[in-house]
Amino acid sequence: MTGHYLVLSAILFTIGGIGVLIRRNAIVVFMCVELMLNATNLAFVSFARMHGSLDGQIIAFFVMVVAAAEVVVGLAIIMTIFRSRKSSSVDDANLLKY
Amino acid sequence: MTTMNAVLAAGGPELHPQAAEGVQSVAWLLIALPLAGAAILLLSGRRTNKWGHLLGTAMSLGAFVVGLLAFFQMLGQDAEGRSRLVHLFPFISAGSLKVDMNLLVDPLSISFVLLITGVGSLIHIYSIGYMSHDPDRRRFFAYLNLFVAAMLLLVLADNYVGLYIGWEGVGLASYLLIGFWQYKPSAATAAKKAFIVNRVGDFGLSVAIMVMFATFGSLSYQDVFGQASQASQGTITAIGLLLLLGACGKSAQLPLQSWLLDAMEGPTPVSALIHAATMVTAGVYLIVRSHAIFELSPDAQLLVTIVGVATLLAGAIIGCAKDDIKKALAGSTMSQIGYMVLAAGLGRPGYVFAIAHLIAHGFFKAGMFLGAGSVMHAMNDDVNMRKYGGLRKVMPITFATFGLGYLAIIGFPGLSGWWTKDGIIDAAFEKGGTSGQILGWLALIGAGITAYYMSRLMFMTFFGEPRWDEDVHPHESPKVMTVPLILLAIGSVAGGAFLILGDRFAKFLAPVVGEPEAAHKLVTPYTAIVFALMVVGVGLAYVQYLRRPVPRTAPAGNPAVTFARKDLYGDALNESLLMRPGQWLTRLTVYFDNRGVDGLVNGLAAFIGGTSGRVRRVQTGFVRSYALSMFVGAALVVGALFLVRI
Amino acid sequence: MLTALIAIPAVGALLVALLPKGRDALAKQVALGVTLVVAVLSIVMAVQFKTDGARFQFTEKYWWIKQFGVHYAVGVDGVALVLILLSTILVPLVVLASWTEAGRSGGVDTPPKRSVKTYMALLLSLEAMMVGVFAATDVFLFYVFFEAMLIPVYFIIGSYGGAQRSYAAVKFLLYSLFGGLLMLAAVIGLYVVSANAGHGTFLFDELRNLHIAPTTAKWLFLGFFIAFAIKAPLVPFHTWLPDAAGQAPAGAAVLIVGVLDKVGTFGMLRFCLELFPGASKWFTPVVLTLSVVGIVYGAVLAIGQVDIKRLIAYTSVSHFGFITLGIFAMTSSGQSGATLYMVNHGFSTGALFLLAGFMISRRGSARIDAYGGVQKVAPLLAGTFLVAGLSGLSLPGLSSFVSEFMVLVGTFSRYKVPAVIATVGIILAAIYILWMYQRTMNGPTAEAVKGMKDLSKRELIVVAPILAIIVALGFYPKPVLDAINPSVKQTLVQVHKQDPKPTVAEKGSHQ
């Protein structure tokens, strides 16, 4: 049965990935990243269930912590960029190039 | 046993020098005194300006005294014991290469020592007067001392390395002294030319030394000559030819003669000491010293005689065409050294005359150069003989001494040149065969030409009507200059007879070069011919330059005269064959290095730089394109993992 | 003792670097003091060195990275000793020579004022590394010093050099790093070979006895050799030298050409020959060809230069040809001569660079045609320049002659043709030195050099000792040769080469 959860996880991850690649709004990109993280969390938990060990669940907690930290830093960066540029499009912040 | 065989095969006396005693054991003083003089004068700066010339002269005289004492000590020794070795210090040692700084005092070297220090001291004294107005007189004496020291090392060394050090040392002194008035571009160029042409000769000497070491495992005269007969004929000939190349450079023999005429840019005492009496004869010394090698190789000997004859004619022809008194004398020097080289190539009958002529030449040519200097002094340093004339009345002492030198060089019977030059001509004929005849006749003709060009010089300078510039007021030179002239003139008159009469010099040199088979005959069938040719030469010059007035500007001559005036096109040949191609080669190489080798390096750098410039365009700055490449990369990794698994 | 020689200048460098800003005079005094102490110490060491004693003396050995078998191991044989002496004697003179020049700019369009203190600190750290590189008896330690040396030189050229300083500095760094990289690969390869043989080590003494398969040895040889050939520099790896030496301030040029480049030839003698004797013999024809080409090619290039410092740099290319020729001739007089040549070349080229530097700093141009008739206005400068130049063209009686003579004689007894071609170099040497001398010093005094000052007391103090050494070694090279000969003998034993016998004796023994 857990196979279905894995399929769901893969679908969510793909949606998140596509969102990261095609959306321009930084907030949406950010949400897509969260979606990818949570998709992996789902996979971890499913695997934990499949193998009957707690390892996957523990990793899932780590991922959550990382995700929370990322939200804090990421949102802060997006806020500052928005303040200075009046835009939240990721394509506008392209100064770091060749 | 082998050494015995070697001696028998070489047919020469063996060098078995004993340790020196008495004055000879301090023979190093000979070199040390002038060397110290040079060092003090160069290092002390202006402080010694006042008495520097006196110190320099004293050092040279001191060396002369030591040389004399050593000579008299040698006279007291028996013939076998006349080669004495003075051990100084080990110089180079590495593996089998061992070279010691030793001095060899033997009849040959002591003859040179006396000539160098004797004539050298006289020229020092003369220079006190000649250079008295030059602000750099101290430096001049320092260089002269340096020269004397180096020349003494050259003749006193007991091995080829020591000789080579002296050899290049005199080259340096010659460079410094030719370029003494370096602010004249012509002098600086002449100095450089002399050094570089000499280096070509030194190339030969260096390679000869290498061959000797590879063949004999030693570089001392004793070892090299002792084993010479064991080496293959090819090796010996090679060594002989290489030594000859070295001798050609230093002694201004064809084909390396071109520097000597330019070297007259130096002060006249330098021309007298270095470019007439001593340094240029070093080549003759080298050949005579290495006689054990040349005697084993008839080919090398033949080439030596050919070079000698060719140069004696070339020098004489150049001497006929020059209006510059010093250059005319320089041509004559070339020619006379040609005689010596010829004699040195003739083997045992020639050696004695080579060295005797060398010593006689040292006296009369130095005397004439100094005389020319005295004349130039009187003529405001003008060297053009066409503006001289009639000087015998105003400069009697110079005239008399110069005249004696003149008579000596043209071979007037009884004077030095007659004894020695006739001996060389006889020895050439005695060689026998066609080559002997050819060499002999050419040397005879050379003697005739000598009489002609020297008479021309004499008549143009001292006889006829004065053709002076208006502001010139000739006067006799001071005593400090005339006394050396007189002493040298005495040598020119009596030197030859003293050496040749009773085979005195032949017996003296015998322990080194071997005794000639037959005693020297004073009068031979050729004596009359030589005399006749001399009279013809003098007569011709008399008709051309005394009976007719001498024009103040040189008339345009026929092609033959132009040929001689341009030094037989020697310089033109060097320029078109060596200098121009050399310049092109240099430019080409510089271009190749900058564009080719360095261009390759810089091209590689530019290529890497350009590539990275293109590659960096990948960094667009768009976050999403980075994300895409991350995804693609991740997908590739996953794909690869699957592939490997399968 | 050796550690002290490395540590004192290193500590001195730190000390000078930490001095407060603006204390330039103090920085110079401290630097001079430190280098003088090092020079005196090294002379004391040379006096204590026993020529008939063990090969490596004053040895020290401590573990450094035990896991990889890396030691801090130092010791000197005769060859290293004389090269260390060369460096420690030259450095104080360079410090003194840079007394006023250091603060000034080297070229026309450089900023007027530079930090003297940094310059002195860089010089001191360079000295520490130079001593280290010659003293190291652990290949890894050698490599570390070899590479670390580049850094101070890079900064000296890059911030104190002439107009094209950054181009020259980058070229120098990249060229050397490239060689260093190959050498690093070879060093690691060597370690792997020794580890496979049972006992991984970097110690020279142990690696010497290591048996290496011929093919491997050839590759490792190439790794070391190319690094050293770039450093030396051997044609065709030479093009960094004229740029670096031409752009560097004169004092630093002395150290680059005089000492730094010797690391290359020293490395060939010490490491290439002794670690890979078989491969060295295999590569000998190639190296001899390159050497001979270098001698003639460098000399011809020198004749064609218009810049004094570049000219001197190219003469060095020619002289390095002689050194490698002597090393790979594999005869005792060739190798002893080559080693002596390293020392002599350091002094004579050092003197040339210093004097050229003094002259250039007066006139502000390095072009030869900017001068003329200097002798008239500055006779001391001209005279000393002539002596240094004559040593450069190997005039007998000056030190270079002895070494060149030994190299040529040693080479000829085994390889005739290369020796004869190399002898042509003596003619070319006369042309490039005397022609430069004539164009700068002789002739009528050029308008621009009128009023040029002669050497000052300080400058005289700098060149006088060098010239004295040149003359002394020219007449009495024995002390140096005595130190060198035993080491060279060891090298030849390792390469299994004996001096060729004179042909006469050989014939005798056949009979």
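Letters go in sequence order (proteins before strands), and every chain restarts at 1.
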Under 4.5 Å from any heavy atom of chain B - which part of Lys489(C): neither

Residue part contacting chain C, namely of Val161(B), when any heavy atom lies under 4.5 Å: side chain

Contact check, side chains of Leu428(C) and Arg199(B), non-hydrogen atoms, under 4.5 Å: no

Structural part of Asp136(B) lying under 4.5 Å from a heavy atom of chain C: neither

Closest non-hydrogen atom pair, Asp598(B) against Asp243(C): OD2-OD2, 4.1 Å

Those residues that, when tested against Asp262(B), pass side chain to side chain contact (heavy atoms under 4.5 Å, CB included) (two or more places apart): Ala190(B), Lys193(B), Lys327(B), Asp571(B)

Any Thr331(C) side-chain heavy atom under 4.5 Å of Leu97(B) side chain: no

Min side-chain heavy-atom separation Tyr167(C)-Asn602(B) under 4.5 Å: yes

Nearest atoms (heavy-atom pairs only) where Gly304(C) meets Val590(B): CA-CG2, 3.8 Å

Proximal component of Leu380(C), with respect to chain B [non-hydrogen, under 4.5 Å]: neither

Smallest separation among heavy atoms of Asn485(C) and Ser93(B), with atom names: ND2-O, 2.8 Å

Nearest non-hydrogen partners of Ile427(C) and Val200(B), listed with the distance: CD1-CA, 3.8 Å

For Phe172(C), all residues meeting ring pair (Phe, Tyr, Trp, His ring centres under 6.0 Å), sequence neighbours excluded: Trp240(C)

Val601(B) versus chain C, the contacting section by heavy-atom distance below 4.5 Å: side chain

Ser206(B) side chain reached by Leu408(C) side chain, heavy atoms, under 4.5 Å: no

Nearest-0.5 Å distance, CZ of residue Phe475(C) to CZ of residue Phe91(B): 7.5 Å

Side chain to side chain contact (heavy atoms under 4.5 Å, CB included) assessment of Phe195(B) paired with Ile433(C): CA-CA 11 Å; Phe195(B) 197 94; Ile433(C) 292 285; over 6 Å; no

Selection from Leu585(B), Val207(B), Thr189(B) maximising heavy-atom pairs under 4.5 Å formed with chain C: Thr189(B)

Ring centre gap for Tyr164(B) and Phe401(C) strictly below 6.0 Å: yes

Side chain / backbone / both / neither for Leu219(B) at chain C, heavy atoms under 4.5 Å: side chain

Arg439(C) portion near chain B, given a 4.5 angstrom heavy-atom threshold: neither

Phe203(B) and Val424(C): CA distance, side-chain angles, deciding distance, side chain to side chain contact (heavy atoms under 4.5 Å, CB included) verdict: CA-CA 7 Å; Phe203(B) 166 80; Val424(C) 176; 3.9 Å; yes

Which portion of Leu176(B) sits near chain C, non-hydrogen atoms under 4.5 angstrom: side chain

Which atom of Gln182(B) lies closest to which atom of Lys376(C), heavy atoms considered: NE2-N, 4.4 Å

Gap separating the OH atom of Tyr297(C) from the CZ atom of Phe592(B), nearest 0.5 angstrom: 5.0 Å

Ser96(B) vs Ser333(C) side-chain heavy atoms within contact, under 4.5 Å: no

Proximal component of Thr235(B), with respect to chain C [non-hydrogen, under 4.5 Å]: neither

Chain C interface, residue from Val197(B), Asn594(B), Val211(B) that has the most non-hydrogen pairs under 4.5 Å: Val211(B)

Non-hydrogen atoms of Leu395(C) and Glu168(B) that approach each other most closely: CD1-OE1, 3.8 Å

Sub-4.5 Å side-chain heavy-atom contact between Ile209(B) and Phe412(C): no

CD on Gln305(C) to OG1 on Thr586(B), rounded to 0.5 Å: 10.5 Å

Lys416(C) side, atom NZ; Met210(B) side, atom CE - distance, nearest 0.5 Å: 11.0 Å

Phe405(C), part contacting chain B, at a heavy-atom distance under 4.5 Å: side chain

Lys450(C) atom NZ: more than 12 heavy-atom contacts under 6.0 Å: yes

Option that, when pairs with chain B are counted at under 4.5 Å, heavy atom only, ranks first among Val409(C), Ile303(C), Ile426(C): Ile426(C)

Top of Val99(B), Asp593(B), Val597(B) for chain C proximity - count of heavy-atom pairs under 4.5 angstrom: Asp593(B)

Greater than 12 external heavy atoms within 6.0 Å of Tyr591(B)'s OH: no

Partner chain B: residue of Val402(C), Val488(C), Thr411(C), Asn442(C) with the largest heavy-atom pair count (under 4.5 Å): Asn442(C)

From CG (Asp202(B)) to OG1 (Thr423(C)), nearest 0.5 Å: 11.5 Å

Among the listed options Ala214(B), Gly217(B), Gly179(B), Gly95(B), the residue most often paired with chain C at heavy-atom distances under 4.5 Å: Ala214(B)

Inter-residue atom distance Ile92(B).CD1 - Tyr476(C).OH, 0.5 Å rounding: 13.0 Å

Heavy-atom contact with chain B under 4.5 Å, split by part of Leu492(C): neither

Interface residue of largest heavy-atom contact number with chain C, from Leu153(B), Leu42(B), Asn198(B), Leu172(B), under 4.5 Å: Leu172(B)

Within 6.0 Å of CZ in Arg587(B), more than 12 heavy atoms from elsewhere: yes

